[in-house]
Amino acid sequence: MQTNIPNILFCCIFILLPFVCLNAQEIGNNKEINIDAKERDSLVTVGDSLPLAQTIKATDSILGDSLQVPQKGNQLITDAVKYQAKDYMRISQKENRMFLYNEAQIIYGDMQINAGLIIIDNNKNEVYAYGIPDSTGAYSQKPVFVQANQTVEPDSIRFNFDTERALVYNSRTQQANFNVKGEVTKRENDSVYFMQNVRFTTDDDLENPDYYFYARRIKFVPDKKIVAGLVNMYIADVPTPLGLPFGYFPLTEEETSGFIIPSFGDSQQGYFLQNGGYYFAISDYVDLLTLGDYYTNGSYAVRLESNYAKRYRYRGNVRVRYENQYQSERGFPDYAERTEYNIQWSHNQDAKANPNSRFNASVNLGSSTYYQNSVNQMNTGNFLTNSLSSSVSYSKTFPGDPQVNLSIAARHNQNTRTQTINMSLPTLQASMTRIYPFAPKTGSKKGLIENINFQYNVRAENQINTTDSLFFKPEMFEDANYGAQHSIPVATNFKLFNYLSVSANANYEENWVFRTFEQSYDEFNDEVVIDTVSGFDSYRTYNFGTSIGTTLYGLKNFGKDKKIQAIRHVMRPSISYNVNPAFDQYYDTYERINPANPIETNMVDYSRFNGTLYGAPGNRFSSSLGLSISNTLEAKVRSKDSTATEPEKITLLNNFSMSTAYNLAGEAGEPKLSPIALRGSIPIIRDKVDINVAGNMDIYALDNNNRRTNELNINNGGSLFRFTNANVSFGYSFSSKDFEDEGEDENEDDIDNDTYRGGGRRDDLFGKGSDLEGKFYDEEEDPFADEDRQERNDNWYNYKIPWDLRMSYTMTYNNTARQNEITSHSIMFSGDVELSPKWMVGASSGYDLKDLGFTYTQLRFQRDLNTWRLSFNWVPFSERRSWYFFIGIKSSILSDIKYDKRNEPDRRL
């Protein structure tokens, strides 16, 4: 196990300080308390309700005589000593003792000691602190010593002024996450303490813990170290063979470097040692964790992790993982070797560090098969996704009028299925805010002229398309594509007849490239030859567009005595017109033999800008008219709450839109109207379920080659509209709290946005990923620790049985080429049920309604064992079939005390 045990507070070491307040050194030298004989054995009694509170100084009078303190040597008492007792303070000259009884207290400086009985014995030069029996005979008011934020609670204390040694019996104290109890503690001097029969645990119940570590002898040097003999682990007071022959524990509040003990087990690669290494506490701002795995078939893995932070400036972390895996054994036919790696970097700058510049990074790149083949990670969300992405960006703002924004970024997108990688190294963007040259110096802008505005944008980038096999190799840069694009958009808007909103825009673009591609035809080989021409080249394009729209309202009232009091229909129609000129000047032609008739030739148009960064400009004039209309339908209904004074507003149809475009410049015989696009959502359960619908309808028919014609579908024997594709989807999340009475707690646990750092879904419909300690990524330190569950844990039976369920449904229909088929149809679900206050089970799965089969399925079982946690994660079928069992201590400080066993998926599948 990992031996990073923090400062275990065997700090009964401070018990001598309470007694220094009584001027122990001077009393020890004088060896008596001089009190007048008349007052010998006097008793000072305090009323039951008012405790005595006095301040003793070196010359204070006690019962008429003074407490004589020799003046030779250095005085140890440097502050006022306060004491009090509820019942009495008695000085016995016969026994030469002072007694403080019932809620006795001594305060000196920042030190305080409380006990039922405090006795100072001047004959033996010792002081004692005890508890006392209460009215039921139970031992109460045990000594409690407090200094600063250190607390010790023993059964009794004994201190000798001559030797300055102390004995503390059954001391109880707490340090960090540990509760410590020592049978006997001996103070040797100011810096060395010995403890006998010590047990320490993270259980709150120190008298009857679920587990504890038992050490027979301990040497304790405050703020430096603990040296222990044989240490054994006890579970339910039963000794186990788990332990250490000796222990050395450095004591420091700061992070310290040290070794990390690996865990062991067996897998398909053989027996292994996993997650062993060394932790480097480099400074207060950065650390480094090095971990490694080794398997008996020769496989190994190395992981480096570093966290860094500077308050009010930035924070981040870096992870580098490399695995060299061997399948089977050398010489066998199924032997294989592969390497996997993954690099992650996250950097976030504090917003207060610099308001005008910002640097951020989110990097996740590596082998496309890393998450599928890694033998030391259980992140379900990662291996079910098929993309990795990264972004590193720096942006700066130059204040002024106009304001200039500058950014430079490097981006990466990786498809783990096709193993293709697209990178932008780098992308430079600059823009200035809009300028209104005709706007008035004061007041708002009105009309066509005053609202005219323009801005300038530039974008330059270097794009690289490569594959996994060429990543980080010189070949990946050979086909890099780079260039720059300048654009000047000009726009204006104004009101027409007070009801119509009109906008107009024009855009000018200039594209720079540094290599072009000339094409020619090779008659001998019957192929097109492409020659790369290096050098600067450019082309310019422009376009124009305008739109006009308005908002129409319709309201139908049914009366306030009706259940549905009113319905409101909001309709937003708009018409747009766009013109894109033809840029024939950037096109050339070459002559090619007609494959259908070798004696004929065809002229082929091409642009030397085909294949450049921003592609070639269009060589066809287009003029199109766009039509769109969106609809929202709402209703006012009488509230179910009889005390409500206002009706409820519910949405019946949310932003249901239809749009299409008509090509005014289309050639004869071509279809002019584009397919009609439908989009919208239909609320089913308020704030819970919205059915999202999307589809396309076409009025034209298809020919025998499944190409669109200009013949209407209804004239071809079909319906008025032909559905080309459609999609229906919705998600639903609800829990037992939705059915509880109003007034009960309705807060739900939030799902961590960073559950799957490499990608995946925010929900857990793919299942939950666990870390190397068996804890699910979206799980708190203690999943049973919230107040409601803690209250239920006090009962034997959980009659409410809390539960939650999340569902997702999707259906896709495709008929673009007469397929007339449902291409995908599935439902996914995930939920958890708390069967008892300490038992929780969960499942994530789905069902493919098209292929009639279950999707990736995960079953989860969790058991709260107070200070321990037990979990079982099971994937019952599929190529990822596996299970993982874990039991370990909850406290993060003892996270290495665990037992886990897993049956990994067969990597050969």
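Note that these values count all heavy atoms, side chains included, but never hydrogens, waters or copies made by symmetry.
Considering all non-hydrogen atoms of both residues, Asp468 and Ile421 come closest at OD1-CD1, 3.6 Å. The nearest pair of heavy atoms linking Met233 to Ile897 is CE-CG2, 3.8 Å. When all heavy atoms of Gly831 and Arg860 are compared, the closest pair comes out as O-NH2, 3.6 Å. Residues Asp832 and Arg806 approach most closely at OD2-NH2, 3.5 Å, considering heavy atoms. Here the closest non-hydrogen pair linking Tyr856 and Ser878 is CD1-OG, 4.4 Å. When all heavy atoms of Ala281 and Ser257 are compared, the pair lying nearest together is N-OG, 2.9 Å.
Of the inter-residue distances, the one linking Leu365 atom CG with Asn342 atom CG reads 7.5 Å to the nearest 0.5 angstrom. Here the CG atom belonging to Asp864 is positioned 10.5 Å from the CH2 atom belonging to Trp839, to the nearest 0.5 angstrom. One finds the CG atom of Leu288 at 9.0 Å from the OH atom of Tyr279 (value rounded to the nearest 0.5 Å). With values rounded to the nearest 0.5 angstrom, Thr339 atom OG1 is found 10.5 Å from Asn373 atom CG.
Around the OH atom of Tyr285, the shell of radius 6.0 Å holds no more than 12 heavy atoms that belong to other residues, nucleotides or ligands. More than 12 heavy-atom neighbours from other residues, nucleotides or ligands sit within 6.0 angstrom of CZ on Phe877.
The ring pair (Phe, Tyr, Trp, His ring centres under 6.0 Å) check on Phe854 picks up Tyr847, with sequence neighbours excluded. For Phe272, the side chain to side chain contact (heavy atoms under 4.5 Å, CB included) test picks out Ser267, Gln274, Tyr295, with sequence neighbours left out. Under the side chain to side chain contact (heavy atoms under 4.5 Å, CB included) criterion, Asn232 pairs with Arg216, Leu230, Tyr234, sequence neighbours left out. In terms of the side chain to side chain donor-acceptor pair (under 3.5 Å) criterion, Gln349 has no residue partners (sequence neighbours excluded). With sequence neighbours left out, Glu478 forms a salt bridge (charged side-chain N to carboxylate O under 4.0 Å, His left out) with no residue at all. Take Trp345 and apply the ring pair (Phe, Tyr, Trp, His ring centres under 6.0 Å) test, not counting sequence neighbours, and it matches no residue. Judged as a salt bridge (charged side-chain N to carboxylate O under 4.0 Å, His left out), and not counting sequence neighbours, Asp203 has no contacts. Taking the ring pair (Phe, Tyr, Trp, His ring centres under 6.0 Å) definition, one finds that Phe280 meets it with Tyr278, sequence neighbours left out. Checked against ring pair (Phe, Tyr, Trp, His ring centres under 6.0 Å), Tyr308 has the following partners two or more places apart in sequence or in another chain: His347. Residues satisfying the side chain to side chain contact (heavy atoms under 4.5 Å, CB included) test with Tyr271, not counting sequence neighbours, are Asp266, Thr296. Applying the side chain to side chain contact (heavy atoms under 4.5 Å, CB included) criterion to Leu865, with sequence neighbours excluded, gives Arg863, Trp868, Leu870, Ile887.
Taking 4.5 Å as the limit, some side-chain heavy atom of Ser171 sits within range of a side-chain heavy atom of Met195. Contact check for Gln414 versus Asn364: no side-chain heavy atoms found under the 4.5 Å cut-off. You'll find the side chain of Thr369 stays beyond 4.5 Å of the side chain of Thr416, heavy atoms only. Asn179 places a side-chain heavy atom less than 4.5 Å from the side chain of Asp204.
We find that Arg311 and Asp284 are not joined by a salt bridge, their nearest charged nitrogen and carboxylate oxygen being 4.0 Å or further apart. The existence of a salt bridge linking Lys181 and Glu207 is confirmed by a sub-4.0 Å separation between a basic side-chain nitrogen and an acidic carboxylate oxygen. Salt bridge annotation for Arg303-Glu305: absent, with no cationic side-chain nitrogen under 4.0 angstrom from a carboxylate oxygen.
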- Message: As a quick check of understanding, evaluate side-chain contact (heavy atoms from CB on, under 4.5 Å) for Met423 and Phe471, giving each step before the final call.
- Response: CA-CA 10 Å; Met423 304 183 70; Phe471 201 35; 3.2 Å; yes

- Might you work through the side-chain contact (heavy atoms from CB on, under 4.5 Å) test for His412 and Leu388, ending with a clear yes or no? CA-CA 8 Å; His412 148 268; Leu388 302 177; 4.2 Å; yes

- Pair Asn422-Ile464, side-chain contact (heavy atoms from CB on, under 4.5 Å): steps then yes or no: CA-CA 6 Å; Asn422 299 317; Ile464 299 173; over 6 Å; no

- Step-by-step side chain to side chain donor-acceptor pair (under 3.5 Å) determination, Arg411 to Asn413: CA-CA 7 Å; Arg411 294 183 175 85; Asn413 288 285; over 6 Å; no

- Task: Could you walk me through whether Gln325 and Glu340 pass the side-chain contact (heavy atoms from CB on, under 4.5 Å) test, one step at a time?
- Result: CA-CA 8 Å; Gln325 302 176 11; Glu340 307 287 350; 4.1 Å; yes

- Task: Could you go through the side chain to side chain donor-acceptor pair (under 3.5 Å) check for Thr418 and Thr420 one step at a time?
- Result: CA-CA 5 Å; Thr418 62; Thr420 58; 3.0 Å; yes

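For the pair Asp851 (side chain) and Gly853 (backbone), a donor-acceptor distance under 3.5 Å is absent. Checked by atom type and distance alone, the side chain of Thr201 never pairs as donor or acceptor with a backbone atom of Pro209 at under 3.5 Å. Lys890 places a side-chain N or O within 3.5 Å of a backbone atom of Asn866 that can act as its donor or acceptor partner. Not one N or O on the side chain of Ser367 forms a donor-acceptor pair closer than 3.5 Å with the backbone of Tyr370. Proximity of a side-chain donor or acceptor of Gln196 to a complementary backbone N or O of Ala215 within less than 3.5 Å is not detected. Listed for the Thr857 side chain is a donor-acceptor partner under 3.5 Å among the backbone atoms of Thr855. Judged purely by atom type and a 3.5 angstrom limit, Thr867 has no side-chain atom pairing as donor or acceptor with the backbone of Asp210. The backbone N or O of Gln327 lies less than 3.5 Å from no partner atom in the side chain of Gln269, so there is not a single donor-acceptor pair. Listed for the Ser306 side chain is a donor-acceptor partner under 3.5 Å among the backbone atoms of Asp287. Using modelled atom types, no side-chain atom of Ser346 and backbone atom of Gly316 make a donor-acceptor pair closer than 3.5 Å.
No side-chain donor-acceptor contact under 3.5 Å links Ser391 and Ser393. Thr202 and Tyr211 form a side-chain donor-acceptor contact under 3.5 Å, judged by distance and modelled atom types alone. Side-chain N/O atoms of Tyr214 and Asn197 include a donor and acceptor closer than 3.5 Å. Using modelled atom types and a 3.5 Å distance limit, the side chains of Ser844 and Ser830 yield a donor-acceptor pair.
The list of salt bridge (charged side-chain N to carboxylate O under 4.0 Å, His left out) pairs with a residue in residues 268-277, not counting sequence neighbours, is empty.
Ring geometry, Tyr884 versus Phe886: the interplanar angle falls from 30° to 60°, so the pair is classed tilted.
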